[in-house]
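The block underneath contains the structure these notes are about, expressed in structure tokens.
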Amino acid sequence: MADLGVRLAGVALRNPFLLASGIWGESGASLSGAWNAGAGGVITKSIGSTPRPGYPNPTIEVYETWGLLNAMGLPNPGIDEYPREIEAARRAGATVIGSVFGGDEEEFARLAHQIEATGVAAVELNLSCPHAEGFGTEVGSEPEDVERIVRAVVRSVRVPVIAKITPNAADPAGLAEAAERGGAAAVSAINTLRALAIDVTLRRPVLAHGLGGLSGAAIKPVGLACVWQIYRRVKIPVIGVGGIRTGLDALEYIMAGARALQVGTAITFGGVAVFGRLNQELSDRLDQLGIARLEDAVGAAHAAHL
Amino acid sequence: MADLGVRLAGVALRNPFLLASGIWGESGASLSGAWNAGAGGVITKSIGSTPRPGYPNPTIEVYETWGLLNAMGLPNPGIDEYPREIEAARRAGATVIGSVFGGDEEEFARLAHQIEATGVAAVELNLSCPHAEGFGTEVGSEPEDVERIVRAVVRSVRVPVIAKITPNAADPAGLAEAAERGGAAAVSAINTLRALAIDVTLRRPVLAHGLGGLSGAAIKPVGLACVWQIYRRVKIPVIGVGGIRTGLDALEYIMAGARALQVGTAITFGGVAVFGRLNQELSDRLDQLGIARLEDAVGAAHAAHL
Amino acid sequence: MRTVVEVTETVVETPSTITLRFPYEPPADPGQFVMVWIPGDDELPMSLSYTEGGSKGVTVKAMGETSRRFLSLRRGTPIGLRGPYGNRFDLSPHRVLVVGGGSGTAVLAPAAERALARGAFVTVALGATRADELLFRDRLRAAGARVEVATDDGSEGTRGYVTALVSSLLERETFDAIWTCGPEIMMSKVASAASPKGVPVFCSVERHMKCALGMCDACALGPYHVCVDGPVFRADRLTSTEDFARFHRDPSGRRVPF
Amino acid sequence: MRTVVEVTETVVETPSTITLRFPYEPPADPGQFVMVWIPGDDELPMSLSYTEGGSKGVTVKAMGETSRRFLSLRRGTPIGLRGPYGNRFDLSPHRVLVVGGGSGTAVLAPAAERALARGAFVTVALGATRADELLFRDRLRAAGARVEVATDDGSEGTRGYVTALVSSLLERETFDAIWTCGPEIMMSKVASAASPKGVPVFCSVERHMKCALGMCDACALGPYHVCVDGPVFRADRLTSTEDFARFHRDPSGRRVPF
Ligand SMILES: Cc1cc2nc3c(=O)[nH]c(=O)nc-3n(C[C@H](O)[C@H](O)[C@H](O)COP(=O)(O)OP(=O)(O)OC[C@H]3O[C@@H](n4cnc5c(N)ncnc54)[C@H](O)[C@@H]3O)c2cc1C
Ligand SMILES: Cc1cc2nc3c(=O)[nH]c(=O)nc-3n(C[C@H](O)[C@H](O)[C@H](O)COP(=O)(O)OP(=O)(O)OC[C@H]3O[C@@H](n4cnc5c(N)ncnc54)[C@H](O)[C@@H]3O)c2cc1C
Ligand SMILES: Cc1cc2nc3c(=O)[nH]c(=O)nc-3n(C[C@H](O)[C@H](O)[C@H](O)COP(=O)(O)O)c2cc1C
Ligand SMILES: Cc1cc2nc3c(=O)[nH]c(=O)nc-3n(C[C@H](O)[C@H](O)[C@H](O)COP(=O)(O)O)c2cc1C
Ligand code: FES
Ligand code: FES
């Protein structure tokens with residue numbers, strides 16, 4: 001059986017499949033549940049300075065099995081309340097990565113510092129939520145902003161800092177380069193695509209917030225392109241995310257350049273049992289291809305295409 | 001039966017469904033075929049200055065029924081050869097819109113001028129192909145470039161100029177504003193999303209060119225968001241394109257702000273007969289909702305959401 | 001994934017409770033819920049109080065802002081629906097005690113009706129603040145259930161909480177199962193009373209819901225997601241959590257005491 | 001949508017022609033083609049010369065750069081496949097004349113074989129530049145076809161073009177249908193010869209292909225897309241276009257004379 005373990009920015013992961021931020025991430029019990037189901041690590045819901053209820057419902061729309069639109073609006077209990085959830089997950093033995101979002105570099109740095117104190121293995125910066133005013137893409141679309149925020153956070157914590165990049169940009173790889181310059185230990189790509197659903201009977205957007213973010217199978221080809229381009233332009237490891245639902249999807253991301261992966265929407269369609277299945281499928285694929293260690297496959301598709 | 005006729009930038013269309021550029025667009029017989037099948041107008045393949053064979057195969061990858069990835073590489077016979085195809089389509093009675101692509105404003109202006117001479121009803125500028133080096137998004141990602149190119153073209157032709165906008169940008173609506181400033185009579189949104197497919201057995205990208213553009217149902221939510229945002233920021237009409245395959249999809253785009261529509265990938269899955277079906281379905285939907293004229297529905301979803 | 005339908009009928013059940021009927025074809029079972037969207041306002045989880053055939057219904061008690069708005073909905077108003085979601089009551093037990101508090105009876109009524117239709121013997125213990133707030137008393141009697149009543153003010157039936165009524169029923173009679181829905185404190189007391197008798201208790205619980213797809217974590221209750229693992233749970237599953245009858249989560253995910 | 005398989009067998013059919021066999025499960029009929037991808041090179045349309053069961057095959061003649069590369073493929077080489085695409089020969093006629101020129105016989109052989117298996121009487125007129133370029137002569141004879149041969153240099157059978165052979169066969173005998181594949185000039189001559197006799201001619205034609213999905217317009221031939229409306233056409237459909245045997249389109253879409 002192929003070795004699925006990977007080292008990501010100094011953190012040893014038992015397998016590459018991380019729970020993506022925002023899915024099963026509000027409660028410690030859920031984080032533990034994803035870990036127990038076989039995730040290689042769990043990323044928390046993105047946490048901010050104060051409690052945020054998020055947008056009113058409807059917050060989601062589903063497209064058959066290939067897509068999910070959401071505008072949750074970054075609901076979270078705030079950094080003062082959240083540590084107990086992380087502690088619960090850590091007690092269950094989970095490798096936890098803390099995700100935070102802020103409006104400027106000071107807020108990011110403070111939140112990262114606070115979340116570091118809970119013993120997380122790394123901090124991920126949400127620079128890429130496409131539907132939260134004043135946060136996410138609004139602070140993560142310009143390379144200078146990304147660099148400045150990452151630099152401020154890197155100064156304030158010891159754990160590795162991961163920048164999560166938006167695909168809603170002319171040049172996502174340029175944002176990854178900026179994160180690298182700022183000192184990021186890794187980048188995650190991608191967050192959701194800015195998107196919208198309309199109800200024609202009611203003549204209005206379906207989601208209460210109007211615009212939302214598209215995730216799921218539909219965005220896999222877009223995520224692969226981002227990972228591919230980023231891999232060619234930075235030296236730090238890339239975490240692939242977007243539409244992963246099978247071991248084949250996973251290996252495509254790995255060969256495009258990802259060293260670890262995140263899984264979100266697939267949980268909507270199959271629960272966290274998806275982690276067990278993904279491990280099995282990926283391992284089978286590697287065996288079939290005669291690849292002994294997952295790490296040997298990272299970026300493999302670039303050799304043929306220089 | 002609801003009235004599907006629309007006026008778009010002074011051009012009367014018998015219905016809002018235009019054949020999108022790049023599909024059935026190389027030969028006059030195919031353009032005529034789409035018209036005879038019920039298209040409200042046909043947009044030519046994007047034409048450049050000289051013959052271009054495009055990229056080698058593989059040039060496409062299909063995802064179930066929800067997506068299509070392509071990197072054709074803008075194959076076209078060049079502006080000197082192409083007029084005979086437009087003439088054939090015009091002889092069949094088709095309303096033809098000529099699409100052109102160039103590397104700078106002079107080339108765009110010259111091509112637009114040449115294609116105007118064939119009697120097209122309007123000219124569409126491809127500022128948005130995501131995989132052609134030196135063309136498309138490479139000249140259409142910055143508002144200043146878009147404005148300059150559009151302005152040069154508007155000066156060189158009398159027919160309405162349509163700017164086709166890329167979704168691979170932080171702010172597609174800002175590009176539409178730039179087109180409006182440059183004098184565009186309308187904008188089309190969206191072109192394909194930058195995307196990639198990997199073959200894990202062969203450890204390489206599937207498409208010969210590597211990166212390609214994603215179209216089809218998967219991008220409808222993204223196209224709707226672009227049209228929605230553009231509609232709020234420009235006064236010129238918007239042509240919605242991306243993933244339209246049913247009358248319901250069409251009406252969503254119309255209510256999001258589109259005055260006309262383009263259909264591409266749906267033809268892959270159902271042939272040009274899709275135009276007849278779309279007309280029927282859209283008309284049925286409007287009847288059900290008690291909307292007498294399609295034009296009354298343009299932008300209708302904005303009223304509930306100010 | 002949403003269907004927009006028009007409300008075809010409204011029934012004022014109590015001064016604070018209204019039933020909306022609407023055409024909705026997807027098959028449903030007692031215990032399941034739908035997400036009901038009031039366009040321009042919010043979308044709330046509501047148990048189906050009518051599950052049979054194409055004309056389904058929800059029964060809503062005015063609590064906060066949005067649920068209050070349900071009371072002003074009229075015939076012809078468009079609402080959005082998705083679902084049904086969640087699990088269902090196991091309808092196989094023969095002698096069932098149904099314990100409903102407040103609007104909780106909404107989800108129990110169709111379960112009781114279907115059990116009765118299959119020949120079960122159903123006793124209902126119905127609680128409310130006062131007589132005119134008793135929900136579905138007549139509906140349940142008409143279906144053949146024995147209905148016993150408790151009101152806080154004694155305006156009908158026993159004075160006091162319905163839990164007292166349950167204890168005395170459990171003393172006198174044997175049941176194969178208890179189905180209950182209402183305030184968690186009430187359900188927790190019912191569970192405590194039934195436990196020494198070995199009668200299994202099934203509770204329908206509520207948590208704040210957003211996705212209803214087991215994904216967003218809004219409805220987390222201990223290790224469960226109420227939207228997919230529930231809303232119906234065996235009481236022992238719930239009492240082993242730290243949350244049941246003690247904490248729920250507000251829309252931000254913050255754990256707050258009941 | 002692509003399947004990558006390894007070549008399981010290669011057969012050198014003539015000095016310029018090779019057959020590749022490979023496992024490929026999707027069912028196919030004679031007349032259909034697949035898109036064959038040589039990783040790192042190109043992807044070309046190739047008719048299936050073996051359509052039955054799980055071991056399929058294509059037979060490739062070295063023409064340009066890519067097709068020449070097929071000749072160097074070996075057992076174990078991975079190739080990508082998609083399809084089968086396109087329509088098929090109508091196999092119902094009883095007395096069939098099969099006219100193959102060059103690698104065109106690749107698509108005709110499985111059609112002839114299947115017709116013979118159904119009890120049809122099949123005559124094959126096979127043309128090539130010289131004897132060792134005659135494709136599938138032995139395969140067709142083994143299947144029970146009567147095979148007549150014409151070579152440009154007279155090294156086997158009649159000297160001259162296969163079209164002369166066809167004319168003389170049409171003089172002497174009656175056929176219910178003619179199936180042909182080869183250079184368009186040849187097929188056009190076959191159509192002219194058959195037309196006065198009223199024998200329907202079905203031609204398998206080739207055009208530059210990219211998508212094979214009837215979308216990109218690369219394979220436009222008059223009002224048709226060869227990839228979905230063909231590759232098999234009744235000759236009268238083709239002769240009414242301005243293109244058949246006169247023009248094809250290069251990869252840029254430019255119309256160029258044959
Ligand atoms: C599975 C399920 C079935 C339900 N069935 C019924 C029913 O049949 N009849 C009935 O009257 N009520 C039912 N509810 C409760 C209902 O969804 C609302 O919680 C209640 O109506 C109060 O809503 P509000 O917005 O008016 O209250 P608010 O004043 O806004 O809030 C009061 C309480 O309602 C909660 N609430 C608000 N929004 C939601 C939400 N999206 N999901 C859950 N709780 C929310 C708040 O957290 C708060 O605790 C059910 C809830 C669940 C989870
Ligand atoms: C439906 C169909 C079935 C075919 N079946 C067979 C077969 O069974 N055996 C066989 O040997 N050949 C077959 N061909 C022809 C084959 O696809 C190639 O055209 C031929 O092998 C020459 O390719 P090349 O790249 O080596 O030639 P090049 O030197 O590159 O070009 C020579 C000619 O081949 C054409 N060509 C190149 N690429 C393509 C392409 N993607 N599609 C079509 N034509 C192309 C060029 O336009 C040119 O006219 C078939 C073609 C079609 C359309
Ligand atoms: C409901 C939902 C909530 C999300 N919340 C967050 C979040 O809080 N922070 C974040 O960085 N990403 C968030 N995301 C984005 C995901 O982490 C992930 O990047 C995206 O969904 C693509 O992966 P997927 O296709 O596997 O879901 C959210 C996605 C969904 C669907
Ligand atoms: C095979 C293919 C070729 C295309 N070629 C062009 C082109 O030449 N010029 C252009 O402006 N857009 C081109 N496009 C983009 C389409 O016109 C359209 O914007 C896009 O496909 C989204 O619409 P759809 O989902 O209906 O296909 C092409 C799309 C496809 C799939
Ligand atoms: S409501 Fe989202 S997980 Fe239950
Ligand atoms: S090959 Fe694209 S239309 Fe036929």
Side-chain angles (χ1 to χ4, degrees), chain A residues 61 63-67 69 130 137 141-142 166-172 193-205 210-214 216-229 243 248 251-256 285-286 288-289 291 297 300-305, chain B residues 61 63-67 69 130 137 140-142 166-172 193-205 210-214 216-229 243 248 251-256 285-286 288-289 297 300-305:
Chain A
E61 172 76 356
Y63 302 96
E64 297 157 30
T65 57
W66 52 261
L69 178 70
T137 41
S141 290
E142 295 296 331
T166 177
N168 302 296
D171 181 24
L193 295 173
R194 187 181 36 235
L196 178 79
I198 298 280
D199 187 286
V200 299
T201 310
L202 302 172
R203 305 188 187 199
R204 62 184 314 134
L211 294 170
L214 183 67
I219 73 167
K220 184 186 76 168
V222 177
L224 283 171
C226 285
V227 168
W228 173 268
Q229 293 188 301
L248 180 58
L251 192 49
E252 289 167 13
Y253 266 103
I254 298 285
M255 289 192 174
R285 286 268 167 197
L286 291 169
Q288 276 161 29
L289 297 175
I291 302 173
H302 289 263
H305 206 97
Chain B
E61 172 76 356
Y63 303 97
E64 298 158 32
T65 58
W66 52 259
L69 179 69
T137 40
S141 290
E142 295 297 332
T166 177
N168 303 296
D171 181 24
L193 295 173
R194 185 180 38 235
L196 179 79
I198 298 279
D199 187 286
V200 300
T201 310
L202 302 172
R203 306 190 186 197
R204 62 184 311 133
L211 294 171
L214 183 66
I219 72 167
K220 184 188 76 169
V222 177
L224 282 171
C226 286
V227 168
W228 173 267
Q229 292 189 299
L248 180 58
L251 192 48
E252 289 166 13
Y253 266 103
I254 298 285
M255 288 191 174
R285 287 266 167 201
L286 292 170
Q288 276 161 30
L289 297 175
H302 289 264
H305 206 94

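So you know, we letter chains A, B, ... as the sequences are listed, proteins then strands, and number each from 1.
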Does any backbone or side-chain atom of A/Ile291 lie under 4.5 Å from a heavy atom of chain B? Answer side chain, backbone, both or neither.
side chain
Pick whichever of A/Cys226, A/Ala217, A/Gly67, A/Gly223 has the most heavy-atom pairs under 4.5 Å with chain B.
A/Ala217
Can you tell which of A/Gly212, A/Pro221, A/Ala197, A/Ala218 has the highest number of heavy-atom pairs within less than 4.5 Å of chain B?
A/Pro221
Is it the backbone or the side chain of B/Leu214 that comes under 4.5 Å from a heavy atom of chain A, or both, or neither?
side chain
Grab the two heavy atoms, one from B/Ala256 and one from B/His302, that are nearest each other, plus how far apart they are.
O-NE2, 2.7 Å
Side-chain touch A/Leu211/A/Pro130, heavy atoms, less than 4.5 angstrom:
no
So, for A/Met255 and B/Val200, which heavy atoms are closest and what is the spacing to 0.1 Å?
CE-O, 3.3 Å
How would you list, by chain and number, every residue that makes a side chain to side chain donor-acceptor pair (under 3.5 Å) with B/Glu64, sequence neighbours excluded?
A/Arg245, B/Trp66
Looking at B/Gly216, B/Ala195, B/Pro172, which one has more heavy-atom pairs under 4.5 Å with chain A than the rest?
B/Ala195
Greatest number of non-hydrogen atom pairs under 4.5 angstrom with chain B, of A/Gln288, A/Arg194, A/Arg285, falls to A/Arg194
Identify the heavy atoms of A/Tyr63 and A/Leu196 that sit nearest to each other, and give their distance.
OH-O, 3.9 Å
Residue B/Glu142 versus chain A: region with a heavy atom under 4.5 Å:
neither
What part of B/Thr201 gets closer than 4.5 Å to chain A, counting heavy atoms only: side chain, backbone, both or neither?
both
Which answer fits B/Ala297, side chain, backbone, both or neither, if we ask what part of it has an atom under 4.5 Å from a heavy atom of chain A?
neither
Which of A/Thr166, A/Leu224, A/Thr137, A/Asp171 touches chain B most, by non-hydrogen pairs under 4.5 Å
A/Leu224
Mind listing the closest non-hydrogen atom pair of B/Gly243 and B/Ile219 along with its distance?
N-CG1, 4.1 Å
For B/Lys220 and B/Tyr253 the tightest heavy-atom approach is O-OH, 3.6 Å
